[in-house]
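In what follows, a single structure is set out as structure tokens and then discussed.
Letters go in sequence order (proteins before strands), and every chain restarts at 1.
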Amino acid sequence: MLASEGLPPQKEVVEEVQAAEEGEVDPKAKKKEEEKPRENGLLETDYAKRGFHLDVQVNPDQVVRSAEILDSEGMTMEMVTGVDWLKDGQFEIVYDYSFTGGELFRVVVRCRVDREKPDVPTISEVFGGANWHERETWELFGINFVGHPQLERFLLPDDCDYYPLRKDFKL
Amino acid sequence: MGTESISGIETSVPSSIVQFHMLDQLRALARANSLWPMTFGLACCAIEMMSAGAARFDLSRFGAEVFRPSPRQADLMIVAGTVNKKMLEPVKILYDQMTEPKWVIAMGNCAISGGPFKFKGQYNVIEGVDSFLPVDVYVPGCPPRPEALIEGILELEEKITGTRRWPRVKPETAVKG
Amino acid sequence: MDELIRILSYFVGIAAFLGLNLAYLGWVERKGAGHIQRRIGPKDVGPYGLLQPLADGLKLMSKQLVVPDNADRLLYMSAPVLAMVATVILFVTIPWGENLVPREFDYGLIMIFAVASAAGLSILLGGWASGNKYSLIAGTRAVSQSVAFEIPMLITAITIVMITGTMNLNEIIRSQSGMFWNWNVFALDKSILMPISFLVFFVCSMAEINRAPFDLGEAESELVAGYITEYGGMGFGLFMMAEYGNMMIGASLTTILFLGGWQCPFGLFPGPHWFLLKMYFLIWTIVWIRWTYPRTTLWGLLNLSWKYLIPFSLVNLLVTALFIKVF
Amino acid sequence: MTLLAQSQLQETFELNIGPQHPATHGVLRVKVIMDGEYIVKAEPVLGYIHRMHEKMGENRTWNQFWPNLGRLDYLSAIAYNHGYAGLLERAMGIEVPERAEYIRVITVELNRLQSHLLWFGAFILDLGGFTPLMYAFDEREQILDLLESVTGSRLTYCYFRFGGVYNDVDDDFITGTRAFIKRLRPQIPMYHDLVTKNVILMERLVDIGHISADMCRKYGATGPVLRGSGVNFDIRKNEPYSVYPELDFDVPVYHECDSMARYMVRMDEMEQSMRIIEQALDKMPDGPVKAEKAPKILKPPKGDYHFAVEAARGTFSMRTVSDATNTSYRMRLRSPTYSNLSLFEEASRGMLLSDALAFMGSLDLVIPEMDR
């Protein structure tokens with residue numbers, strides 16, 4: 001679908017910057033997350049199967065940069081969420097971006113952090129809407145968004161001391 | 001519900017030798033016919049509560065359409081929806097702020113038992129408001145239809161006065177007629 | 001002695017009339033709201049729901065009285081009483097018929113405006129004494145509203161006084177005798193702006209008595225229940241009754257000043273029935289407006305008063321003075 | 001309170017709106033710092049109806065999760081059903097029969113109509129007008145009757161299935177829907193006459209609650225809020241799903257960015273929904289309403305899936321992480337009002353309290369959907 005529509009301009013920019021920053025781009029990467037977590041890089045995905053066009057995995061310190069790039073392209077932050085990969089001992093933070101300006105284009109940016117020390121910089125400076133999403137992710141997973149202005153209890157009562165969406169959560 | 005009629009609390013506890021039975025009954029009748037609910041919607045059931053007060057079902061026929069936003073003026077708390085741990089304290093405060101005499105209707109499965117949100121290991125939902133409120137009438141359903149809520153209010157009136165507003169429609173006659 | 005009996009009988013009469021009215025205006029409002037809103041309204045409590053006000057009244061009387069912790073006890077308890085007392089006093093001056101007036105004052109109009117201000121005061125008092133922030137906001141709103149709308153209302157009343165040359169309410173009515181074009185509202189020969197000043201007066205009286213669309217003191221969707229948020233039971237009941245009472249006063253005053261009071265439209269059989277007819281028509285209009293219009297904001301309200309109504313009423317005053325001088 | 005200097009503190013006071021307040025339509029709480037009647041800062045506090053939908057997504061099988069969709073946003077529950085059905089159909093590659101798609105579109109649009117009708121009433125109620133609510137409810141009951149006849153419930157629908165819908169529509173439904181649209185169509189101009197052109201309403205909506213398109217983008221606001229800010233974005237057009245590409249409808253866009261624009265967008269959307277329903281009724285083919293080959297046990301292949309639909313309040317998108325078992329590994333529900341409300345804090349600064357509450361009403365909030 002992406003090929004038939006012609007690649008939107010965002011894609012090249014992202015790719016370029018990512019290439020410059022990481023030095024390794026793996027556009028032909030296939031699904032190899034069967035055995036181990038996939039490596040950083042870009043992945044074109046089949047929209048009809050997955051629901052998004054571009055799947056980007058970055059390091060935690062590149063999250064803000066990627067948000068800035070996508071912001072300059074006029075993309076919208078749709079949601080931020082976390083996934084607990086208990087088996088790998090990692091948290092995955094997933095950022096969904098979409099384009100409301102016309103052509104259909106969806107980007108997923110994901111990064112993985114260690115479960116023991118889940119620190120990731122906040123993008124709420126770039127996208128104000130990320131504030132609540134990050135706060136919620138912090139609350140439900142315990143992922144620490146460094147630099148977030150208000151990392152307080154949000155959906156749960158103020159005296160909660162558990163992270164209910166962690167896979168090892170037991171009440 | 002309704003197998004034995006319980007007249008008001010006043011008549012069951014004799015307060016003095018002289019009983020103003022007629023007066024008590026009149027008072028109970030007045031109370032039953034002017035049950036003002038509190039504007040207090042929690043979730044899905046609140047919409048059905050609004051429906052019950054709105055054009056087609058029209059709760060006002062029984063004098064119960066005066067939804068008061070302030071708990072001080074309300075007689076009836078309809079707990080319409082899920083109460084979770086964060087909402088527990090506000091609900092308690094609201095109940096305490098209501099002036100006596102006051103009644104509680106637990107509307108919907110969530111308010112009765114936690115409903116669909118009760119599962120092993122759940123971390124946030126109160127399983128039934130009767131764990132902290134004296135519930136008078138339970139109206140099951142997810143959400144209950146407006147007719148069910150109206151029936152709940154009539155049931156509450158029966159509980160207050162000891163008599164049904166009019167002869168209850170028996171299921172068999174309802175089917176025939 | 002005769003005087004005493006007269007006053008006592010009027011007292012009883014007014015109390016009965018007032019009690020009946022205040023209760024049943026609530027019924028009218030609920031039933032009217034029902035019919036305006038594609039539903040039935042109260043119907044099962046007595047025939048046509050006519051026993052509904054009794055049930056409500058009895059219930060409110062038997063409700064527990066609560067004084068909130070951080071309320072000023074004395075003021076909290078006295079505010080609804082003050083509201084009700086002011087309303088009842090106002091009824092003393094209303095001439096229901098030519099000889100049917102409890103106490104005829106030569107300065108009845110002044111008396112009404114003087115006492116009516118107390119209604120705004122009672123709202124402020126209730127709002128402040130409740131110790132609730134919503135009530136406080138409502139109280140301040142009600143006062144600024146009251147101040148803003150008393151001015152155009154008074155100026156419009158003064159034009160009437162200029163035309164009729166008296167402040168005695170009965171005299172004002174007498175001056176409008178004859179066919180209905182002698183009523184002040186149609187008296188274009190006295191002042192060309194009369195119909196508009198009737199509207200101004202009516203709008204101001206609606207704002208003065210805190211009725212929708214000017215019910216900023218109660219503002220259900222913003223301030224919970226405004227100044228009555230903390231009042232339950234009969235405190236609430238008294239405030240409500242005072243509101244209906246004020247509604248009656250506002251409608252009566254408009255009737256007296258503009259619609260010829262107890263005068264018949266065709267100069268035949270003047271009497272209290274005409275007065276009541278006109279008053280209830282105006283009350284029904286107020287109820288009707290309440291269920292039709294959304295609420296204004298405080299700023300919209302004050303703008304209306306200071307930018308439009310007050311300048312207009314001043315112009316009206318000048319025009320009337322001109323008419324009196326020239327013709 | 002730390003945000004304010006001590007000198008400012010003496011002039012401001014804190015007001016707590018909610019969790020039980022007539023203007024919040026449920027249990028939203030807003031902590032407001034006010035300076036007289038003006039808002040200095042208004043901070044929404046959520047969580048009073050957090051019902052663990054995402055957790056339940058992880059411990060229910062794919063089929064068991066259906067009822068939750070009806071209880072997320074109880075006003076546009078069928079659109080949420082559509083989102084979930086679309087997600088799994090995308091993941092599993094299930095083909096949906098055409099008749100089922102048309103039935104889906106018809107029910108979703110009926111649901112959208114009743115949601116907008118209820119919003120219309122509740123919004124005017126926020127502004128202090130009581131009667132439109134009753135009119136809207138009267139119309140709404142007709143829709144509920146129609147939907148009840150085919151789905152079996154009045155509010156919390158659980159109607160869709162993977163690969164189709166649960167129940168075929170009958171002729172009564174079709175004639176009833178046509179009759180209803182015939183009835184509703186003249187009502188909307190009547191609402192405009194009675195309500196929209198009211199002076200007080202204009203005064204309260206025009207130029208109140210300004211949200212720029214860029215602010216919408218930063219906060220991820222979608223739906224009528226975005227379209228009221230002049231952005232022509234509708235998932236039904238921009239990311240077509242189901243049979244929407246085959247239907248002819250317009251996306252109402254207003255450029256004023258104020259509460260009135262959002263109001264007009266919703267009013268116009270009702271007309272568009274009626275157009276869609278009529279066309280869909282005309283075009284609906286015969287055939288099965290459920291895919292024959294839909295698997296009984298669902299185990300989507302490993303990986304992430306994403307699906308977005310246009311619910312009544314904006315983009316509802318679902319993201320699931322599947323680990324090829326019969327439950328989801330992670331279920332994320334992106335609710336539109338969550339993002340729409342997040343701009344309230346910034347947009348409401350310096351507003352009058354009554355205007356801010358009117359503005360909040362124009363965002364069309366459904367709290368359980370926000371808290372999930």
Report the donor-acceptor contacts between chain D and chain B below 3.5 Å as a table, one pair per row.
unit_1	atom_1	unit_2	atom_2	d
Q20(D)	NE2	T39(B)	O	2.7
Q20(D)	NE2	P69(B)	O	3.1
L46(D)	O	K86(B)	NZ	2.7
G47(D)	O	N84(B)	ND2	3.0
Y48(D)	O	N84(B)	ND2	3.4
H50(D)	O	N84(B)	ND2	3.2
H50(D)	O	N124(B)	ND2	3.1
H50(D)	NE2	Y123(B)	OH	3.1
R51(D)	NH1	T82(B)	OG1	2.8
R71(D)	NH2	C142(B)	O	3.3
D145(D)	OD1	R56(B)	NH1	3.3
D145(D)	OD2	R56(B)	NH1	3.1
D145(D)	OD2	R56(B)	NH2	2.9
E148(D)	OE1	R145(B)	NH1	3.3
E148(D)	OE2	R145(B)	NH1	2.4
R154(D)	NE	E48(B)	OE2	2.7
R154(D)	NH2	E48(B)	OE1	3.2
T156(D)	OG1	C142(B)	O	3.2

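Using a 4.5 Å cut-off between heavy atoms, P90(B) contacts chain D through its side chain alone, with no backbone atom that close. Looking at F57(B), the atoms closer than 4.5 Å to chain D (heavy atoms on both sides) all sit in the side chain, from C-beta outward. Looking at I47(B), both its backbone and its side chain come within 4.5 Å of chain D, counting heavy atoms on both sides. With a 4.5 Å cut-off on non-hydrogen atoms, M38(B) touches chain D through its side chain but not through its backbone. Neither the backbone nor the side chain of L125(D) comes within less than 4.5 Å of any heavy atom of chain B. There is no contact between A46(B) and chain D, counting heavy-atom distances below 4.5 Å.
In this structure, L133(D) CG and M50(B) CE are separated by 5.0 Å, a value rounded to the nearest 0.5 Å.
N326(D) is linked by a side chain to side chain donor-acceptor pair (under 3.5 Å) to nothing, counting only residues two or more places apart in sequence or in another chain. Applying the side chain to side chain donor-acceptor pair (under 3.5 Å) test to T320(D) and every residue at least two apart in sequence or in another chain returns S328(D). By the side chain to side chain contact (heavy atoms under 4.5 Å, CB included) test, S342(D) is found to be paired with W132(A), Y219(D), residues two or more places apart in sequence or in another chain being considered.
Across all non-hydrogen atoms, the minimal contact from I49(D) to A43(B) is CD1-CB, 4.0 Å.
Counting only heavy atoms from C-beta outward, the side chains of P67(D) and P116(B) never approach each other to under 4.5 Å.
Heavy atoms of other residues, nucleotides or ligands lying less than 6.0 angstrom from OH of Y166(D) number 12 at most.
The most heavy-atom pairs under 4.5 Å with chain D, out of A80(B), P71(B), P69(B), G81(B), come from P69(B).
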